Structures are given as structure tokens and as C-alpha cells.
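Residues take their numbers from the sequence shown, with the count starting at 1. Note that the structure is a prediction, hence the values are computed from the model and not measured.
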Amino acid sequence: KDLSYPRDKVTSSPDPRSQLLKPAQPDHIPALLSKAQRQALHNATRQTVSKIIGPAGTGKSYTITSLALDRYLQGESVLIVGQNNENVNIVCEQIESMLGQQDVVVRMGHTNHHKKLKRYLKDVLSGALSQPATPKSTQANLLQQKIKIDKLEKRFAKRCKKSIRYGCAMWKAQQYNSPLNRFGAWWAKRATLGQDNLFELFSELTQQQRIRHVALSHYISASRRQRLQQVLTQHRQQLSHFRAAIDTSTTNQQETCFDQVDYSVLLKAMPIWLGTLGDLHRSLPLKAELFDLVIIDEANQCDIASVLPAIYRAKHLVIVGDDKQLRFASYLSKDKQAKLQARYDLVDQDKAFDYRHINALDLAQRHIQSQQASVQLTEHFRAKAALIDFSNRKFYQQQLKIMRQKPGAQGDYPLNVIQSQGVYHHGKNQQEAVALLTFLRNKIYHQTDMGLRSSIGILSPFREQTLLLNKLITK
């Protein structure tokens with residue numbers, strides 16, 4: 001009966017309770033989100049346990065950052081944890097970058113983070129950070145900016161459709177030169193002329209989005225200062241109790257100080273917390289449903305035992321990871337696991353608590369009942385098409401959309417072998433150098449025609465060959 005609701009859910013213990021969070025508002029955070037990322041924000045509020053699946057480079061950390069800021073704007077608390085500091089650091093940096101300031105989140109774990117937290121609390125209690133801030137942008141102004149951007153997006157989409165229609169009509173007229181096709185091309189051109197310039201419209205839209213993102217960042221920052229000031233005015237003693245708790249040297253003293261803290265008040269002043277799974281006990285009590293939302297990053301790398309303390313602190317839970325990526329490595333023997341299961345009456349639940357083979361992501365997938373609670377991120381922003389294509393075909397059923405792919409670059413493979421018939425003489429190969437320059441010249445001409453431009457580096461193991469290439473390029 002002491003289990004939190006998310007823990008009941010992921011361990012198959014039925015419980016009729018359900019606590020909905022405030023509705024998500026994706027348009028109120030300074031981020032451009034895909035349809036899947038927006039759905040992830042809504043799932044976090046509607047589903048007690050939800051998951052976000054996606055390979056590296058699909059924006060999982062960006063989605064986690066957006067989740068945290070969305071809950072923050074709703075006055076709710078968020079705990080983000082992972083198996084190691086690298087993943088958590090990425091999210092921390094993105095939150096601070098999105099808002100343009102530091103000390104936005106409470107970072108737990110490392111001794112330096114612990115010292116920084118104590119220093120921050122000292123500054124807050126001394127009044128150094130309690131200056132009230134007035135939002136530079138009101139909600140009404142932000143709404144007007146959103147309406148303007150929506151109108152620009154509709155104009156841009158309409159202009160794109162006309163340009164595509166014109167391009168298709170021109171191609172058809174060139175391929176099949178008939179009076180009907182020539183008339184279609186003329187009519188499409190006539191409908192396109194006099195319209196908004198596509199690139200100027202895109203530039204205006206991008207500029208308005210930047211302006212709104214800056215305004216949203218200022219609004220969130222000012223809101224944070226106002227909440228902090230409110231807590232200091234009405235509940236300053238709670239911050240003092242918490243600072244005393246994390247400053248104690250013994251566990252018993254810390255637990256005594258933790259019991260004096262009203263965490264509903266503390267989390268209003270400091271609503272976003274980040275740390276590794278092994279760091280929670282140093283800064284937070286083991287209190288059921290302490291946070292409105294707990295996010296476990298790279299859950300495929302987390303064992304069940306490590307995530308239970310984090311899940312216990314959650315009202316709602318979001319599991320993030322990818323079952324195609326590296327899993328956690330277990331060094332627990334099969335016999336040892338069997339003995340532990342027998343000792344704690346878990347023999348009948350050996351499949352649910354199979355520490356050796358089941359990670360946190362597996363556990364969530366087994367107990368999520370609604371397909372709507374699962375979101376797959378498929379827009380890949382990191383690798384070029386030629387590099388990610390193998391994984392896309394072999395593991396992701398061609399579902400990944402390569403966002404860095406450019407028109408005309410489909411055949412631009414990362415490796416080309418060109419055979420030349422020259423021979424080296426005194427460290428130089430004239431024919432090889434000419435073949436290389438011919439290849440580069442054709443590549444540059446092709447990219448220029450497509451409106452593309454790339455940097456070029458040339459390496460040779462021979463100094464004389466390098467001097468020859470430099471001479472030929474200069475000519």
C-alpha cells in the first residue's frame with residue numbers, strides 16, 4: 001500500500017488511483033517541436049506511465065528539456081535522472097541554453113554540484129537572488145506573436161504548394177512536350193508570379209520565431225524569479241531547513257532535517273531537479289510521489305533495482321530510451337538471482353523481476369497498456385544519410401527520416417575509391433594528382449548547380465605530392 005502509483009503500474013500491482021497533471025501547452029515553451037514530440041508532452045500529463053522511443057540523434061534530450069519546461073510553466077515539479085552524468089549534463093545544458101541563464105535547475109550528485117547547491121541556497125537566503133522581476137512579455141503579447149507566426153506559416157505553406165506545383169508542371173512539360181502540358185506549365189507559372197518570395201517569407205518566419213523564443217525565455221525566467229520571491233516571503237524557513245539537511249554530515253541528522261521540510265513549498269522555489277540514479281539519496285528523501293513528473297533517460301541502460309527509488313518519488317513517469325541500443329551489463333549470476341528471488345518471495349514474479357535480463361525500458365513496455373502512451377521519434381538530425389542508412393534498414397524498418405539530407409546529395413557517399421594509372425617518381429604521381437583534381441572539379445560544379453557548398457580537405461602521405469597538388473590547385 002506504500003507504493004507510488006507509477007510503481008504500482010510498472011510492477012503490475014492494480015490500483016484504481018489516477019492523478020492527472022495540468023494539460024500540456026507546447027506552444028508556450030521556446031522550442032520547435034515535431035508532432036511526435038508534442039504528443040510526448042501530452043502523454044506525460046494524460047498517462048501515468050508513458051515512454052519515448054528513438055535512436056541517437058532523434059531529439060530525445062530536446063524532448064526531455066521541453067517536457068521539463070512545460071511542467072515548470074504549469075507550476076509542477078520535475079525530476080530527471082539517468083544512469084550516468086553525461087546524459088543528464090546534456091539535458092541540463094539544453095535547459096540553460098534554451099532559457100539563456102544558469103541556476104535554472106538543481107543539479108545533484110557530484111561534490112561540485114552539491115557545493116553549488118549549498119552556495120545557491122545561501123545566496124537565495126541572503127537576498128542576493130530575491131530581486132523581483134517583471135515579465136518583459138505578457139501572455140497577451142505572447143499570444144499575439146503566436147497568431148502572427150501561425151499566419152506566416154499558412155502563407156509559407158501555401159507558397160510552397162504553388163512552387164511545387166509549378167516545378168512539377170515544368171518537369172512534365174519538358175519530359176512530355178504536348179500542348180496540354182505546355183499550357184499547364186504556363187498556367188502554373190502565371191499562378192506563381194506575383195506571389196510572396198519564398199525565401200524572403202521563410203526568413204521573416206524564422207525571424208519571428210526567434211523573437212518569440214526570446215520573449216518566452218524572458219517570460220519563464222521572470223516567472224521563476226516571482227515564484228522564488230513568493231516562497232521567500234511566505235515560507236523562508238522551509239528553504240533554511242532544506243539547506244541544513246543537505247549540510248549535515250550523518251544520515252540520521254539528514255533524515256531528521258528532511259522531515260522538517262515541506263517539499264510542496266520547496267519544489268515551488270526549485271521545481272526542476274537533475275541527477276543520476278545513485279545520487280538521489282544525497283539531496284532528496286525517499287518520499288512517495290514527491291515529484292509531479294519523473295523522467296528516466298536512457299532507460300535501456302538502467303537496471304530495475306536502480307530505478308525503483310526514482311519511480312517511488314513519481315506521480316507520473318516518463319521512460320526514455322531505445323531497445324536497439326546498448327543495454328546495461330549484469331554481473332549477477334543466475335544462481336545468486338534465484339536465491340534472492342526465493343528469499344524475498346519473488347519466485348512467482350521471476351519474469352517481472354529478472355534483474356539479469358530485463359532493464360527499465362523492458363519493464364515499462366511490458367506494463368504500458370495503451371499504444372497512445374508510447375511515442376517514437378523518427379526525425380534523425382545527427383548523421384548523414386549514408387551513415388545512418390544501414391541502421392535505418394537493419395533495425396528501424398526504414399522509419400527514420402534523415403533531416404540533414406539535401407537535394408542532389410543522395411549519391412554523395414562518404415567513401416569513393418578512384419583508380420588511376422600513374423606511377424610515383426621522386427615522391428610524386430602526376431596522373432593521380434590530375435585525377436583527384438578532375439574529381440573535385442566535377443563535384444564542385446555539381447554542388448554549385450544545386451546551390452550547395454562544402455569545405456574540402458586534401459591529405460597525402462608524401463610531402464612532394466602535397467606540393468604538386470598545391471601547385472596544380474593554384475593554377
For residues [X] and [Y], report the shortest heavy-atom separation together with the two atoms involved.
X	Y	result
Ala360	Ile319	O-CG2, 4.5 Å
Cys92	Leu274	N-CD2, 3.7 Å
Val88	Gly82	CG2-N, 3.8 Å
Cys302	Leu277	SG-CD1, 3.7 Å
Asp262	Ser264	OD1-OG, 2.5 Å
Asn392	Leu400	OD1-N, 3.1 Å

Original post:
Taking atom NZ of Lys118 as the centre, does the number of heavy atoms from other residues, nucleotides or ligands within less than 6.0 Å exceed 12?
Top reply: yes
Original post:
Counting only heavy atoms not in Lys148, do more than 12 fall under 6.0 Å of its NZ?
Top reply: no
**OP:** Mark yes or no for whether Arg313, through its side chain, and Pro309, through its backbone, hold a donor-acceptor pair below 3.5 Å.
**Re:** yes
Subject >> Main-chain N/O of Leu142 paired with Arg212 side-chain donor or acceptor, under 3.5 Å >> reply: yes
Is [Y] close to [X] at the side-chain level, that is, under 4.5 Å between some pair of heavy atoms?
X	Y	result
Leu32	His213	yes
Met108	Leu280	yes
His42	Pro26	yes
Gln301	Asn84	yes
Leu317	Ile296	yes
Val231	Arg227	no
Phe156	Cys160	yes
Thr45	Pro23	no

Subject >> For Asp259, salt bridge (charged side-chain N to carboxylate O under 4.0 Å, His left out) partners two or more places apart >> reply: none
Original post:
What residue pairs, at least two apart or across chains, pass ring-ring contact (aromatic ring centres under 6.0 Å, His included) with a residue in residues 220-271?
Top reply: Phe242-Trp273
Are the charged groups of [X] and [Y] less than 4.0 angstrom apart, N to O?
X	Y	answer
Asp389	Arg393	yes
Asp150	Lys146	yes
Asp297	Lys60	no

Rounded to the nearest 0.5 Å, what's the gap from [atom1] on [X] to [atom2] on [Y]? Could you check?
X	Y	atom1	atom2	result
Leu121	Asp247	CG	CG	10.0 Å
Ile52	Leu41	CD1	CG	8.0 Å
Gln372	Ser50	CD	OG	12.0 Å
Leu239	Lys122	CG	NZ	15.5 Å
Leu21	Leu293	CG	CG	6.5 Å
Gln238	Leu266	CD	CG	8.0 Å

**OP:** Start with the C-alpha distance between Glu204 and Leu201, add both sets of side-chain angles, then the distance that settles side-chain contact (heavy atoms from CB on, under 4.5 Å), and finish with yes or no.
**Re:** CA-CA 5 Å; Glu204 183 181 359; Leu201 191 58; 4.2 Å; yes
Original post:
Do Glu153 and Gln209 pass the side-chain contact (heavy atoms from CB on, under 4.5 Å) test, and can you show the C-alpha distance, the side-chain angles, and the key distance before you say yes or no?
Top reply: CA-CA 10 Å; Glu153 287 178 344; Gln209 287 173 336; 3.6 Å; yes
Original post:
Passes side-chain contact (heavy atoms from CB on, under 4.5 Å), Val104 versus Tyr72? Steps please.
Top reply: CA-CA 11 Å; Val104 179; Tyr72 171 79; over 6 Å; no
Subject >> Residues which pass ring-ring contact (aromatic ring centres under 6.0 Å, His included) with Phe381, listed by chain and number, not counting sequence neighbours >> reply: none
Subject >> All ring-ring contact (aromatic ring centres under 6.0 Å, His included) counterparts of Phe395, not counting sequence neighbours >> reply: none
**OP:** Please report the C-alpha distance between Asn112 and Arg107 in whole Å, then the side-chain angles of each, then the deciding distance to 0.1 Å, and finally whether the side chain to side chain donor-acceptor pair (under 3.5 Å) criterion is met.
**Re:** CA-CA 9 Å; Asn112 291 337; Arg107 190 70 171 81; over 6 Å; no
Original post:
Could you give all pairs that pass the salt bridge (charged side-chain N to carboxylate O under 4.0 Å, His left out) test and reach residues 62-85, with sequence neighbours left out?
Top reply: Arg71-Glu76
Original post:
Taking the six-membered ring of Phe202, is the NZ or CZ of Arg159 close enough (under 6.0 Å from the centre) and on axis enough (within 45°)?
Top reply: no
Original post:
Residues two or more places apart in sequence or in another chain: which of them pass side-chain hydrogen bond (donor to acceptor under 3.5 Å, both in side chains) with Gln376?
Top reply: none
**OP:** For side-chain contact (heavy atoms from CB on, under 4.5 Å), just list the numbers for Arg343 and Lys339, CA-CA rounded to whole Å, side-chain angles, deciding distance to a tenth of an Å, and then say yes or no.
**Re:** CA-CA 6 Å; Arg343 181 188 301 176; Lys339 291 178 181 178; 5.9 Å; no
**OP:** Would you mind telling me which of Gln25, Lys22, His28 makes a side-chain hydrogen bond (donor to acceptor under 3.5 Å, both in side chains) with Gln74?
**Re:** Gln25
Subject >> Candidate pair Gln39 and Asn43, rule side chain to side chain donor-acceptor pair (under 3.5 Å), full reasoning >> reply: CA-CA 6 Å; Gln39 185 61 47; Asn43 285 349; 2.8 Å; yes
